[in-house]
Each structure stands twice: as structure tokens, then as C-alpha cells.
Chemist: 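Got a structure here, written out as C-alpha cells. Questions coming.
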Amino acid sequence: MYMGHIASIFFGIGFIVALLQLLPGASQLEIASDGIRYTVLFRTNFIPWNEISYFYELTMQDGKTKKVGWHYSEEVVLEAEAKQGYPVNMDIPHGILPDNFGKSASDLVKILNGFPRA
């Protein structure tokens, strides 16, 4: 009986979070001359252009989902290696956008790589 209540609470919270994601401003991508800003669940992240080397399309582990990943620039990688004391793995994405923001991953990669950087 308690398991039913716990499951109801868990999925109820998930339903509320899903509804929040549908509110205006909860999820957006802004591409500007100084970098990219992306917002998911009202939390905004900013990455300046000088920290990004390039964007590329990647396939997630399920084999179907396509996302946009990026590699940081050489300066950022060298700085991270100096702080960590060991090399940065260049075979994996350094970052992944949490959403494709209404575009296909390949279209979004073309837009981001083709955007004139300041």
C-alpha cells in the first residue's frame, strides 16, 4: 500500500516538472555575438565563443536520440589539464546541449558552426 503512495508521489512530481518545462521562457537557446545562452527549467548557462572549438552531432547511447555536443578550445583544454594534473579526454564531448530547441541536431550544428563569432 505504501509503495502505491510513493509511486503516485514520484510520478506526480515528474508530471509537475514536465508541465513547468512547457511554460514560456523555461527552455530556450539564444545565439549571440558573444556566445550562446541556453535555458532549461529556468536555469540559464552561458558559454562564450572563445571557449568553444566546434559543435558536432552525436548519437546518444540508445542509438536513436541525436544531440549537439561541443569540444572546448585548446586554451580551455590546456587550462583544465593544468588544474586537474592529467590530460583531458578528447574522444568524448566536453559538453552537450540538453535540448535541440525545436531543430534537428544536424540543423542546429550547422547554425552554431556557421554563426559569425566575435
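Along the sequence shown, residues are numbered consecutively beginning with 1.
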Chemist: Could you tell me whether a side-chain N or O of Asp62 sits under 3.5 Å from a main-chain N or O of Lys64, the two making a donor and an acceptor?
Modeler: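 Side chain of Asp62 to backbone of Lys64, a donor-acceptor pair under 3.5 Å: yes, one is there.
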
Chemist: Check whether more than 12 heavy atoms from other residues, nucleotides or ligands sit under 6.0 Å from atom CD of Glu74, and answer yes or no.
Modeler: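 No, the 6.0 Å shell around CD holds no more than 12 heavy atoms from other groups.
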
Chemist: Might you point out which heavy atoms bring Ala32 and Arg37 nearest each other, and give the distance in Å?
Modeler: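 Looking at all heavy atoms of both residues, the closest pair is CB-NH1, 4.4 Å.
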
Chemist: Looking at CZ of Phe10 and CD1 of Ile6, how far apart are the two atoms once the value is rounded to the nearest 0.5 Å?
Modeler: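 Result: 11.5 Å between the selected atoms.
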
Chemist: If you group Ile, Leu, Val, Met, Phe, Trp and Tyr by side-chain heavy-atom gaps below 4.5 Å, do Tyr72 and Phe46 land in one group?
Modeler: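 Result: no, two separate clusters.
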
Chemist: Is there a path of hydrophobic side-chain contacts, each under 4.5 Å between heavy atoms of I, L, V, M, F, W or Y residues, that connects Ile111 with Phe115?
Modeler: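 Cluster IDs for Ile111 and Phe115 match.
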
Chemist: Between Tyr54 and Tyr56, what is the ring plane arrangement, given parallel below 30°, perpendicular above 60°, and tilted in between?
Modeler: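 If you compare the ring of Tyr54 with that of Tyr56, the planes turn out tilted.
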
Chemist: When rounded to the nearest 0.5 angstrom, what distance separates CG in Leu108 from CG in Leu29?
Modeler: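 If I round to the nearest 0.5 Å, the distance is 6.0 Å.
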
Chemist: Can you find a heavy atom in the side chain of Thr65 that is under 4.5 Å from one in the side chain of Thr59?
Modeler: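 They are not in contact (no side-chain heavy atoms under 4.5 Å apart), so the answer is no.
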
Chemist: Any side-chain heavy atom of Val76 within less than 4.5 Å of one from Glu79?
Modeler: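 SC-SC contact between Val76 and Glu79 ruled out.
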
Chemist: Provide the closest heavy-atom pair for Leu58 versus Val68 in the form atom of the first, atom of the second, distance.
Modeler: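 Residues Leu58 and Val68, closest heavy atoms: CD2-C, 4.3 Å.
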
Chemist: Please report the shortest heavy-atom distance between Glu75 and Asn50, naming the atom on each side.
Modeler: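 Reported closest heavy-atom pair: OE1-O, 4.5 Å.
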
Chemist: Regarding Thr44 and Thr39, do their side chains bring together a donor and an acceptor under 3.5 Å, going by distance alone?
Modeler: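 On atom types as modelled, these side chains qualify, holding a pair under 3.5 Å.
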
Chemist: Measure across Ala105 and Glu57 and return the closest heavy-atom pair with its distance rounded to 0.1 Å.
Modeler: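 Heavy-atom minimum between the residues: CB-CG, 3.8 Å.
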
Chemist: Say whether Ile96 and Tyr38 are linked into one hydrophobic cluster, either directly or through other cluster members, by side-chain heavy-atom distances under 4.5 angstrom.
Modeler: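 Not linked; separate clusters.
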
Chemist: From Glu51 CD over to His94 NE2, what is the distance, rounded to the nearest 0.5 angstrom?
Modeler: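 One gets 12.5 Å once the value is rounded to the nearest 0.5 Å.
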
Chemist: How long is the span from the CD1 atom in Ile52 to the CD1 atom in Ile47, to the nearest 0.5 Å?
Modeler: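 Those atoms lie 4.5 Å apart.
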
Chemist: To the nearest 0.5 Å, how far apart are CG in Leu97 and CH2 in Trp70?
Modeler: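 Reported to 0.5 Å precision, the distance equals 5.0 Å.
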
Chemist: Please find the pair of heavy atoms, one from Phe101 and one from Ser27, that lie closest to each other, and give the distance.
Modeler: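 Of all heavy-atom pairs spanning Phe101 and Ser27, the closest is CE2-OG, 3.6 Å.
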
Chemist: Is the number of heavy atoms from other residues, nucleotides or ligands within 6.0 Å of NZ (Lys103) greater than 12?
Modeler: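 No, the 6.0 Å shell around NZ holds no more than 12 heavy atoms from other groups.
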
Chemist: Within this structure, what is the CG-CD distance for the pair Asp99 and Gln28, rounded to the nearest 0.5 Å?
Modeler: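 One gets 11.5 Å once the value is rounded to the nearest 0.5 Å.
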
